[in-house]
Amino acid sequence: MSDEPASDDSDDPTAREMHPDDDPYVLQGSQSHPFWAESVADQILARDPDDPIVIKGGISPSGVPHLGNMNEIVRGYFVAEALRERGHEVRQVFTADDRDPLRKLPRKLADLDGNVVELGDVNAGALGRNLGKPYTDIPDPFGCCDSYGEHFSNLIERSAELLGIPVEMVSNTELYESGEFEDVTRHVLEHREQAREVLSHYQDKVDEEYVPFNPICEDCGKITETVTDIDLDSGTVEYVCTDMEAGDQTIEGCGHEGTATFREGKLPWRFEWPGQWQVLGVDHEPFGKDHAEGSWPSGSDVARNVFGNEPPVPMAYEWFTLNGEPFSSSSGHVIMVQDTLEMLEPEVLRYFFTKDPSKARDFNVEHLDHLVDEFDEFERNYYRETETESEERTDADEKAEEIADAAYSPTIRPTVAARFDEDGDPVSNPERGSVAVVDSIRRAQANELVDGPFADRVRLPYTFAAVLGMTDDPDLREEIARREGHVPEDAPEWVTEFALSRVSNAREWARRTSNEFDYELKRSEMPDVDLDSATETALDELAEFVATHDDPDEIQGEIYETAKRHDIPVGEFFSVGYRLFFDDEEGPKLGPFLAKLDREFVLTRLRREG
């Protein structure tokens with residue numbers, strides 16, 4: 001979404017009452033379906049739109065595009081998929097509001113691989129010398145794209161591709177330069193008195209001299225807000241390049257007086273957004289609660305009372321937080337899709353977006369194992385793998401299955417398309433984790449694969465995969481997974497490969513969080529540990545206990561009790577355990593850790609047999 005200055009917002013609550021069809025909180029109250037995207041699809045179809053149905057998102061390239069920015073793309077994807085399942089053609093577009101001016105220097109940037117860097121690590125002058133200019137007129141500080149705006153758009157597009165979401169990127173600059181925005185601009189300027197009247201309900205400083213058009217100065221290249229005359233017949237405006245207020249700083253204009261065509265400037269955001277709806281024929285747009293309470297009321301008002309159009313079906317979503325704190329591109333408190341997919345399978349990340357958008361969500365990297373466990377249960381609900389005849393089904397169980405029935409296929413299809421070729425055969429070590437499924441034939445095939453061969457897939461428990469990640473030996477990983485019963489002996493090769501692919505994700509999670517699994521487990525040979533007879537006897541007793549117990553807390557408690565029974569200092573006994581398993585003086589909480597390891601190995605090591 002655009003980054004129009006916050007100071008433009010009026011604190012005076014004089015806005016007109018919103019049209020009842022424009023309430024953005026469409027997910028409040030009772031819903032027509034358990035899965036929110038199906039309910040939104042109902043509201044879109046209630047307006048009887050023509051195909052292709054257009055779903056839009058958008059962003060202004062003002063900082064690092066992080067996971068929170070993906071809300072509009074991935075939320076829109078699930079609505080698009082719900083419509084496609086009902087036989088509709090859908091066009092999902094994402095606008096880069098790249099004709100917005102650069103108002104301040106970002107503290108963090110990201111290269112095309114998703115690596116976040118400091119401003120000082122790139123050509124900062126490329127940005128610093130160009131404050132006030134459109135993003136597409138500013139050199140790329142990385143030197144890899146034609147402009148900073150293009151660099152940012154490429155980052156967003158790559159994020160969507162990594163998730164297998166078919167999004168059409170649309171440049172606002174191109175819409176203006178190609179003339180597609182010309183009729184909208186002319187309409188606003190022709191009806192500028194009505195435009196002023198509507199805007200005055202939402203924004204301060206709207207006087208009789210206000211003109212809703214911002215030309216680009218032909219002399220210095222900056223956007224200016226001072227229009228002195230309009231010629232509708234020639235499609236031009238006269239302007240003076242004056243100063244621009246950008247938060248707590250002023251971007252100086254050059255004072256040049258010139259002429260600009262309607263293609264050589266931009267509409268202010270409160271007119272540009274509804275202008276996009278008209279130009280692109282938008283039927284639905286999700287957006288954050290900041291816009292739901294800010295520019296959406298004015299945008300819907302402008303659409304109805306300046307353009308004479310019905311605005312798209314809205315959907316406000318709550319923001320994500322990262323590790324309990326708001327995302328912040330400027331401070332670098334972000335995580336990008338590229339980073340996330342090093343720790344999670346893409347279907348797990350897509351699943352995160354299936355959760356109710358009307359509730360705030362925290363993406364907690366420390367506890368990604370909880371998210372993976374939720375996904376695994378979601379998947380089992382789809383395949384009914386948790387249901388037995390003796391179980392009593394609760395309302396919550398039935399709702400979870402209904403959500404899985406609606407949401408699992410669109411969540412998993414891009415993964416299935418990457419792991420099976422067009423003949424339906426499994427692909428070994430696919431180059432990509434996700435492939436967009438747009439062709440109707442390929443879509444039908446993917447649906448058959450989801451309910452057919454893919455049902456045999458195996459998911460290792462995430463923390464067990466993290467344990468396997470403590471060894472780099474792939475053969476040993478497979479041996480342990482089979483020994484512990486996670487991979488059937490008769491599993492096809494692709495199933496085994498698929499199951500073990502989670503190990504690298506879990507290993508990266510352990511490394512990034514420095515958690516209890518971020519250790520090198522000494523499996524190939526037992527470390528040289530000097531033990532006295534009392535300690536040897538205590539270890540043998542502990543082994544006997546572990547042989548018949550698998551509760552983490554019980555094992556932890558028994559370690560304490562065993563040490564006490566043999567008059568061994570508790571800390572010293574724990575150190576013996578760490579040396580036996582890690583050849584180190586410290587490690588994770590030992591009882592829960594031993595409970596996660598394969599029992600045969602634990603017993604062999606406690607008994608010092610290898």
Side-chain angles (χ1 to χ4, degrees), residues 26-27 31-58 70-95 157 159-170 277 280-287 312-315 317 346-347 349-357 378-379 382 402-420 422 424 432-452 454:
V26 297
L27 296 178
Q31 299 294 309
S32 54
H33 297 273
F35 181 41
W36 60 268
E38 297 285 349
S39 298
V40 175
D42 280 355
Q43 297 194 38
I44 296 170
L45 294 178
R47 296 190 179 182
D48 195 24
D50 295 329
D51 281 1
I53 298 172
V54 178
I55 295 175
K56 191 184 93 67
M70 296 301 292
N71 253 307
E72 291 173 47
I73 289 181
V74 190
R75 301 289 192 190
Y77 164 76
F78 281 108
V79 176
E81 289 292 274
L83 292 166
R84 290 181 180 120
E85 282 299 294
R86 304 186 197 189
H88 291 277
E89 181 184 352
V90 181
R91 180 187 177 205
Q92 186 175 356
V93 301
F94 194 82
T95 53
E157 190 167 20
S159 296
E161 288 175 352
L162 286 170
L163 290 175
I165 297 177
V167 174
E168 177 186 343
M169 294 297 298
V170 176
W277 301 335
L280 299 172
V282 179
D283 297 295
H284 169 61
E285 181 158 5
F287 45 81
V313 172
M315 186 195 79
Y317 56 77
E347 57 265 35
L349 184 53
R350 285 190 293 268
Y351 161 75
F352 184 67
F353 290 89
T354 68
K355 295 171 178 283
D356 185 353
F378 166 74
E379 187 173 57
Y382 178 79
E402 290 179 15
I403 291 174
D405 286 344
Y408 180 72
S409 290
T411 300
I412 202 65
R413 259 195 300 266
T415 296
V416 171
R419 289 193 167 269
F420 291 84
E422 294 184 357
R432 292 180 288 173
S434 299
V435 171
V437 183
V438 291
D439 177 79
S440 60
I441 296 176
R442 183 74 165 127
R443 185 185 187 82
Q445 181 203 45
N447 287 342
E448 291 179 1
L449 289 167
V450 169
D451 293 328
F454 191 73

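Owing to the predicted nature of the structure, the values given are computational and were not obtained by experimental measurement. Here, residue 1 is the first one in the sequence, and each next residue gets the next number.
- Note on R91 versus D283: no salt bridge recorded, every NZ/NE/NH1/NH2 to OD/OE distance being 4.0 Å or above.
- Without hydrogens or angle criteria, E422 side chain to R442 main chain gives no donor-acceptor distance under 3.5 Å.
- Nearest heavy-atom pair, I412 versus F454, reported as atom, atom and distance to 0.1 Å: CG1-CE2, 3.5 Å.
- The distance from the CD1 atom of I165 to the CD1 atom of I73 is 7.0 Å, given to the nearest 0.5 Å.
- Among all heavy-atom pairs drawn from P286 and E72, the shortest one is O-CG, 3.3 Å.
- Applying the side-chain hydrogen bond (donor to acceptor under 3.5 Å, both in side chains) test to R47 and every residue at least two apart in sequence or in another chain returns nothing.
- A salt bridge links E85 with R413: at least one charged nitrogen is closer than 4.0 Å to a carboxylate oxygen.
- Residues that satisfy the ring-ring contact (aromatic ring centres under 6.0 Å, His included) test with F420, not counting sequence neighbours, are W494.
- Checking side-chain atoms of W36 against main-chain N and O of V79 turns up no donor-acceptor pair under 3.5 Å.
- Of the possible donor and acceptor atoms, none in the side chain of T95 sits under 3.5 Å from a partner among the backbone N and O of M169.
- For the pair Y77 (side chain) and P410 (backbone), a donor-acceptor distance under 3.5 Å is present.
- Taking all atoms of both residues into account, the shortest heavy-atom contact from L163 to R350 is O-NH1, 2.8 Å.
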